[in-house]
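The structure under discussion appears below in the form of structure tokens.
In what follows, every chain begins at residue 1, and chains take the letters A, B, ... in the order their sequences are listed.
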There are 2 protein chains.
Amino acid sequence: MNKKLEHKLKDNSIKPTAMRLLVLKFLTEQNKAVSLQDIELAFERADKSTLFRTLKTFESSKIIHSIEDGTGHLKYALCLEGCNCSPIDLHYHFHCNVCKETFCLTELNVPTIELPKNFEMQQANMVIKGICGTCK
Amino acid sequence: MNKKLEHKLKDNSIKPTAMRLLVLKFLTEQNKAVSLQDIELAFERADKSTLFRTLKTFESSKIIHSIEDGTGHLKYALCLEGCNCSPIDLHYHFHCNVCKETFCLTELNVPTIELPKNFEMQQANMVIKGICGTCK
DNA sequence: TAAATTGATGCAAGTGAGTTGCAAAGTTTA
DNA sequence: TAAACTTTGCAACTCACTTGCATCAATTTA
């Protein structure tokens with residue numbers, strides 16, 4: 001497990017420090033998108049700015065992607081294997097108004113959207129809000 | 001024009017004060033979504049908190065809707081006639097990475113999205129990012 | 001009309017997530 | 001080992017948003 005995570009970092013030219021491995025492991029174990037705060041709480045010994053920079057590092061290497069779900073807390077979630085964060089890799093996210101969790105709906109890709117003439121899509125932030133299956 | 005705007009407010013049980021009419025007029029004239037700051041700059045004499053509360057009032061009456069476009073500034077735009085901000089009223093938004101403006105793509109409604117079992121959609125925040133026709 | 005009530009406005013101050021500067025600690029390279 | 005580079009932790013800052021409260025305006029009631 002740890003070897004695998006270590007490789008994931010090395011493959012992206014990120015030095016696999018203890019901190020980074022812990023954060024990556026934590027992200028891997030989640031089935032939802034987590035905020036910087038969530039991670040802070042999970043690792044009380046770690047500093048917020050270190051975690052912040054770790055996330056930014058992961059994000060720019062496309063190991064994770066961020067979602068603005070409307071809570072005011074940016075959320076982060078692992079990218080799928082082979083994800084390039086390009087339009088064809090995009091998926092919707094679901095934010096539950098009851099439990100306040102945000103999930104990636106990775107089964108469903110965002111369809112091609114008919115844009116006005118000359119508009120070019122590069123990224124997207126798609127958040128559906130409502131009630132999730134557990135809270136229903 | 002002003003009479004029309006006044007009615008729009010009255011119809012929603014909002015007292016049509018001078019300030020509110022000015023803000024509504026301003027919003028009507030935009031072809032893009034604007035932030036609280038944009039409005040502050042447009043009305044130097046007005047107080048930020050008044051504008052803030054005006055927007056919240058408009059939003060809860062579904063005269064306008066807000067979009068988180070990833071800039072860190074919440075944007076506001078007029079709802080279409082008869083909009084109820086329900087799933088069937090939803091449209092995509094486009095944020096240009098060059099000019100940093102955010103537009104409503106009202107011509108195109110958000111399609112029905114296949115959600116996991118028991119999930120219920122109530123609202124959505126859909127933002128496509130890229131390059132707009134003018135900046136291309 | 002005057003008093004009372006209700007609501008809107010303006011000012012100032014607070015909140016809180018995100019971000020940055022910088023020095024200390026750790027790691028790599030020559 | 002020494003020098004060079006990277007990561008980490010602390011503290012402080014930024015900035016959008018939000019709130020409390022006193023004042024002011026409009027509307028209703030007596």
Problem - Positional range of nucleotides in DNA chain D within the contact set of chain A, heavy-atom, under 4.0 Å - result: D:dT6 to D:dC10

Within the side chain of [X], is there an N or O that forms a donor-acceptor pair under 3.5 Å with the backbone of [Y]?
X	Y	answer
B:R20	B:K15	yes
A:D89	A:N84	yes
A:N12	A:I14	no
A:H93	A:M126	yes
B:S61	B:I63	no
A:K100	A:N97	yes

Practice task
Would you mind reporting whether B:V127 and B:K75 have side-chain heavy atoms less than 4.5 Å apart?
Solution key: no

Practice task
Using a 4.5 Å cut-off on heavy atoms from C-beta on, say whether the side chain of B:L74 contacts that of B:L36.
Solution key: no

Atom-pair distance ([atom1] on [X]; [atom2] on [N]), nearest Å:
X	N	atom1	atom2	value
A:K10	C:dT27	NZ	P	14 Å
A:D38	C:dG18	CG	C1'	15 Å
B:H73	C:dA17	NE2	C1'	14 Å

Show me the protein contacts with nucleotides 5-7 of chain C, counting only N or O atoms at under 3.5 Å.
none

Problem - Heavy-atom pair with the smallest gap, counting every atom of B:K32 and B:F103 - result: CB-CD2, 3.9 Å

Problem - Ring centre gap for B:F26 and B:F43 strictly below 6.0 Å - result: yes

Practice task
Mind listing the residues from residues 42-68 of chain A sitting with a heavy atom below 4.0 Å of DNA chain C? Number order is fine.
Solution key: A:K48, A:S49, A:F52, A:R53, A:K56

